[in-house]
4 protein chains.
Amino acid sequence: MTQTKQQSRAVRGTGVREAAAQSTRDGILRAATKVFARYGYDGGSVEKISRLAKSYDRMIYYYFGNKEGLFIAVLEGIYQRMDEAEAKFAPDANDPVEALKTAIRFRLDYYRRHPDFVTLLNTENLHKGKHVSKSPRAPEFSSHAVNLIARILANGASQGLFRSDLRPRDIYLLIVSTAYFHTSNRYTMSAFLGEPLDTPEAVAQWEAFVIDSVLRVVKA
Amino acid sequence: MTQTKQQSRAVRGTGVREAAAQSTRDGILRAATKVFARYGYDGGSVEKISRLAKSYDRMIYYYFGNKEGLFIAVLEGIYQRMDEAEAKFAPDANDPVEALKTAIRFRLDYYRRHPDFVTLLNTENLHKGKHVSKSPRAPEFSSHAVNLIARILANGASQGLFRSDLRPRDIYLLIVSTAYFHTSNRYTMSAFLGEPLDTPEAVAQWEAFVIDSVLRVVKA
Amino acid sequence: MTQTKQQSRAVRGTGVREAAAQSTRDGILRAATKVFARYGYDGGSVEKISRLAKSYDRMIYYYFGNKEGLFIAVLEGIYQRMDEAEAKFAPDANDPVEALKTAIRFRLDYYRRHPDFVTLLNTENLHKGKHVSKSPRAPEFSSHAVNLIARILANGASQGLFRSDLRPRDIYLLIVSTAYFHTSNRYTMSAFLGEPLDTPEAVAQWEAFVIDSVLRVVKA
Amino acid sequence: MTQTKQQSRAVRGTGVREAAAQSTRDGILRAATKVFARYGYDGGSVEKISRLAKSYDRMIYYYFGNKEGLFIAVLEGIYQRMDEAEAKFAPDANDPVEALKTAIRFRLDYYRRHPDFVTLLNTENLHKGKHVSKSPRAPEFSSHAVNLIARILANGASQGLFRSDLRPRDIYLLIVSTAYFHTSNRYTMSAFLGEPLDTPEAVAQWEAFVIDSVLRVVKA
DNA sequence: TATGAATGAGCGTTCATTCAT
DNA sequence: CATGAATGAACGCTCATTCAT
């Protein structure tokens, strides 16, 4: 009953019917990404999604089994797009300082321009990661980013620019923390600090500070 | 319109009935904090809360007006407790390095030991801070923490230990980001990295790294 | 349990406590008249009434036993006021034509200026008169109006102006029908006819038509 | 927003499922007419209706959007049936006196035999006609009755039987008032007058009086 | 006499999901 | 493949009413 039509279609040809189906499926997935990001898992109703996708509730069950299956598919989608974006962007490893700056900017930019990604991850953490643990593809997206940091750090260390006692994982987490938090908590933090965090000036200022700070941390 | 019984009782005597009422109200508030933290705003149903509080749905509306009013009261409660905890803890300002270390440890500890706080803030950010903006008491809790950092940094700068070109706000955000993220995203990050973030070892290791990093950032 | 404090107070003196109580009771009654007239019996909640009266739900039960008792008291009140208004107005019986005109005008005016009366009667008819049948005072208010018509008709007949084969009851009902309906159904009829019924012009025009028509009916 | 399934189905074929659906919808509409007529709008709960229709609450929202939409559909239904009944009945215009008698009898009979119609109209007037104003079909039902009266009066005037200075609208309202009131207020009026209004004798007597009176009013 | 607190049933409405073509 | 119809539980909230001072 939880078997969906996703797998079987993959091995068949891509006739006109399959294309139409693919577009229906994609439309639902796109709508679900928006709705779940905006309303959370519980707040995002099946009907909201199907209506936004201009489809029918029934189709969600046809393609994704149930609401949870749809949410997992959404998570996989945003992970994959994040991974693809990271794969495309390849900083020059020969200039470790510039490469690190670029990597930091990429993170800050990506979260800021994809608040849905952030919201969906928060939602998933609210559910203690129960959905992501059901997706076998999740870990495969993860190592690329850490590996990139590792290469940059190694290069910097070999050039005598960076410390050699650093764990790439820590630097990765440091960057991600500062980038993620700035988008994730922009509403409560703005209220807290009494100043907005999402103006271009505030964003640029934070970016400069983070880059400078990380460089101080890694400096040999 | 949604006038509640909260204010009027405070100025009156504390008879046996008032005490019982207070306990009913507090029980609901405590239950709501747990339920909202666990299930989010939409997932946290009024019935779940009243059942956990061993009370009745109706009493939630009696004391808090509606579900949103209850959620706002929950937010105010966790902010206030956080603020009180921060007020109690007063690091020795004469030793800026140690004071900064203590401040960082406090943050890391507080979030780690109060995951509800983190979850509720994420929920509130999911709703774009709409509830916190309705609470006039929210901003009053905010400045203490930044002021503390400011004093420490000023002290460190005057002793020639720290840089003098730092904005306290930035250091505050740096600490908070690293502390918050480690708790907030522990589930997805654990899955991502393939290793748990919430073991005592991982926590201790992250604490050491953050303290070391912040000190490198502020060092003159 | 359904015993109220209404009767017992009547025989006691009218001290300051009783006066305060009377004003509480009257305030509730006045508020209930408005609320029931506006929202009907089911739509008029106890809380709406007590809030409008700036009193407490509990007082309604104290003074009127329950919601139904309050509604009966409201009905008795509007009947009594109607009866008193009719008693005050005493047309000159020696001029039957003018007296009849005056009686008609009184009815038209009273309903138009007391739409609450009309609405409450409709509400009571919706409930098949179950409340009014519980009030022993209702019939005592009724005969005055018919008796007045009877006197006018008798006088007119004895002067050779009016028919002598008329039943006062029928003329009374004819007048009441045309007066009541014009107020009672003003909303649906306005929509139906595509023109408002409650403008001064429409009211005056209808009054003239009704007076002229009734006179044609009774004319010898 | 509250889009229902009503329109789209009308243009499609009438398969067995469509028929079943139609019967579900009609059953709800029939049940709602009874329940609203008996308990009013507020007193007529969604559950009462769905239970009487042997359906489910959910289907009311499926077919009618919400309770208000259902009530509007009920109003449209009774208007339409009234209109159809009036269209079927076509008195001989060549005999204006007899035609007028027939028209009066029709009105008196229709209200007496359809007390639901009367009750629903009163309910709608309680709500100040807010539902009927949302129905674009309401006015289309209205003019037929007035037009009929107009034709009869014109015919009578041209034959020298009726006055020529009459406004059809007034005669229409006169007839409707006397007919409507006798059904609408039968409960309170019976209690008032101390005699029942809905016995066959009382009905016949009132019919005779109204017919005689209207003829006296229109007589040349 | 007045008032705050409590109670359980019921309200209109939406939920995720399945059935039947 | 797509769609309309059906289903029962749960939702946030209000109801009339009673208890306890």
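Every value quoted in this text rests on a predicted model; they were computed, and no experiment measured them. Below, chains carry the letters A, B, ... as their sequence lines are ordered, and counting in each starts from 1.
Contact annotation: D:S45 reaches the phosphate of E:dC11 (side-chain N/O to OP1 or OP2, under 4.0 Å). Between D:T24 and F:dA6 there is a side-chain N or O to OP1 or OP2 distance below 4.0 Å. Distances shorter than 4.0 Å separate none of the side-chain N or O atoms of B:Y63 from OP1 or OP2 on E:dG4. Checking the phosphate oxygens (OP1, OP2) of F:dG4, no side-chain nitrogen or oxygen of D:Y62 falls inside 4.0 Å. Under 4.0 angstrom from either OP1 or OP2 of E:dA2 there lies no side-chain N or O belonging to C:Y56. The side chain of D:Y61 places an N or O atom within less than 4.0 Å of a non-bridging phosphate oxygen (OP1 or OP2) of E:dT13.
In this structure, A:A37 and B:L126 approach most closely via the heavy-atom pair O-CD1, 3.5 Å.
Counting only heavy atoms from C-beta on, D:M59 has its side chain closest to F:dA6 among F:dA6, F:dA2, F:dG8. Counting only heavy atoms from C-beta on, A:K67 has its side chain closest to E:dA16 among E:dA16, F:dA20, F:dT14. Set against F:dT17, E:dC11, E:dC19, the side chain of C:D57 has F:dT17 as its closest nucleotide. Here the nucleotide nearest the side chain of B:V46, chosen from F:dG12, F:dT18, E:dT17, is F:dG12. Of the candidates E:dA20, E:dG8, E:dC11, E:dC11 carries the atom nearest the D:E47 side chain, counting heavy atoms from C-beta on.
Residue D:G44 is classed as a sugar-phosphate contact, given heavy-atom separations below 4.0 Å to backbone atoms only.
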| query | Taking only Watson-Crick and G-U wobble pairs with both distances under 3.5 Å, what dot-bracket line describes DNA chain E, where [ ] shows pairs that cross earlier ones and | shows pairs with another strand? | reply | .||||||||||||||||||||

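Centroid-to-centroid, the aromatic rings of A:H131 and A:Y41 come within less than 6.0 Å.
Residue D:K54 is the one, among C:R58 and D:K54, whose nearest nucleotide of DNA chain F lies closer to the 5' end (criterion: closest heavy atom).
Under the side-chain contact (heavy atoms from CB on, under 4.5 Å) criterion, C:Y187 pairs with D:N125, D:K128, sequence neighbours left out.
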